[in-house]
Amino acid sequence: YKMFQFEQQNIKEFPVLGKMQYRGYWAGQIYLEAFDCDIDVAVSAKKEEGVQPEQIQAMAEFLAHVAQIKHLATQPMFDLYATGAFEIDLENFDVWQDLTVMQVDVSDDTYHVKTGKISIFLIFSSQLEEDFCPAIEVREGKFFQVLSGTYFFH
């Protein structure tokens with residue numbers, strides 16, 4: 001009974017994000033229509049304060065524009081592959097066939113110290129190269145940049 005009570009205290013419901021569990025960060029799952037999959041979400045936020053309104057707003061904007069973000073990220077992601085040491089036929093290569101969505105990370109307001117803006121990172125894994133994990137950074141609901149493939153651990 002005590003274990004169940006402890007678990008319940010670590011679960012909260014947030015707008016847009018739904019039920020989330022605190023694990024040193026707030027963790028949950030959402031469905032991304034543009035990628036046709038359920039995906040883990042990790043939100044950097046303190047247990048007591050929970051997910052902040054700015055983070056919820058950033059996530060709502062991201063979800064409203066995820067298809068456009070994917071479209072805008074296609075060429076920069078392709079360029080990333082083209083500059084890498086991948087043995088692929090670039091003429092017939094579709095980055096979205098290789099990439100699998102791993103996780104969505106939502107920063108807190110300390111990530112961009114000067115502006116306090118929230119970034120959302122859509123993190124992928126590559127089927128071609130297991131050490132290649134590129135990400136799309138989204139700011140204010142808009143595609144910002146493709147990051148070249150570092151690991152994000154939670």
Discussion item. Just to verify, what does Y22 make a ring-ring contact (aromatic ring centres under 6.0 Å, His included) with, not counting sequence neighbours?
Written reply: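 Per chain and number, Y22 pairs via ring-ring contact (aromatic ring centres under 6.0 Å, His included) with W26.
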
Pairing residues for [X] by the side-chain hydrogen bond (donor to acceptor under 3.5 Å, both in side chains) criterion, not counting sequence neighbours:
| X | value |
| --- | --- |
| D79 | Q75 |
| K117 | E140 |
| E61 | Q57 |

Which pair of heavy atoms, one from [X] and one from [Y], lies closest together, and at what distance?
| X | Y | result |
| --- | --- | --- |
| Q55 | A45 | OE1-CB, 3.8 Å |
| A135 | F124 | CA-CD1, 4.4 Å |
| A58 | I120 | O-CD1, 3.3 Å |
| I56 | P15 | CG2-O, 3.6 Å |
| C133 | S125 | SG-CA, 4.4 Å |
| I69 | G141 | CD1-O, 3.7 Å |

Worksheet entry | No-hydrogen, no-angle side-chain donor-acceptor test under 3.5 Å, Y81 and D98 |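 Yes - a donor-acceptor pair under 3.5 Å links their side chains.
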
Worksheet item: After noting the C-alpha distance and the side-chain angles of Y31 and E33, does the key distance pass the side chain to side chain contact (heavy atoms under 4.5 Å, CB included) rule?
Response: CA-CA 6 Å; Y31 177 75; E33 189 173 340; 3.9 Å; yes

Roughly how far, to the nearest 0.5 Å, is the [atom2] atom of [Y] from the [atom1] atom of [X]?
| X | Y | atom1 | atom2 | result |
| --- | --- | --- | --- | --- |
| E49 | D108 | CD | CG | 9.5 Å |
| Q29 | Q103 | CD | CD | 10.5 Å |
| H65 | Q68 | NE2 | CD | 6.0 Å |
| T74 | D94 | OG1 | CG | 8.0 Å |
| I118 | S44 | CD1 | OG | 9.0 Å |

Practice prompt. Applying side chain to side chain contact (heavy atoms under 4.5 Å, CB included), run through M59 and V106 and close with a yes or a no.
Written response: CA-CA 8 Å; M59 196 64 188; V106 182; 3.9 Å; yes

Discussion item. Centroid separation under 6.0 Å, is that true for the rings of W96 and F78?
Written reply: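 No - the distance between ring centres of F78 and W96 does not fall below the 6.0 Å cut-off.
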
Item to complete: Flag the pair F62 / F121 as yes when their ring centroid distance falls below 6.0 Å, and as no otherwise.
Response: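 They do not qualify: ring centres at least 6.0 Å apart.
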
So [Y] and [X], do their side chains get closer than 4.5 Å, heavy atoms only?
| X | Y | answer |
| --- | --- | --- |
| I136 | F144 | no |
| K47 | N10 | yes |
| M77 | L99 | yes |
| S119 | V138 | no |
| I30 | D38 | no |

Worksheet item: Excluding sequence neighbours, so at least two apart, what forms side-chain contact (heavy atoms from CB on, under 4.5 Å) with P76?
Response: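 If we apply the side-chain contact (heavy atoms from CB on, under 4.5 Å) test to P76, skipping adjacent residues, the hits are F143, V146.
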
Item to complete: With sequence neighbours left out, write down each residue that passes side-chain contact (heavy atoms from CB on, under 4.5 Å) with A34, or none if nothing qualifies.
Response: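 Residues passing side-chain contact (heavy atoms from CB on, under 4.5 Å) with A34: V66, A67, K70.
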
Discussion item. Among D40, L32, I123, which residue satisfies the side-chain contact (heavy atoms from CB on, under 4.5 Å) criterion with V104?
Written reply: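 Exactly one option meets the side-chain contact (heavy atoms from CB on, under 4.5 Å) with V104, and it is L32.
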
Worksheet entry | Derivation and outcome, side chain to side chain contact (heavy atoms under 4.5 Å, CB included), residues M20 and I11 | CA-CA 6 Å; M20 300 197 79; I11 296 175; over 6 Å; no

Worksheet item: Any chance CD of E13 has more than 12 other-residue heavy atoms, nucleotides or ligands included, within less than 6.0 Å?
Response: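 Check passes, neighbour count above 12.
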
Worksheet item: What do you reckon, is CD of Q127 surrounded by more than 12 foreign heavy atoms closer than 6.0 Å?
Response: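 Check passes, neighbour count above 12.
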
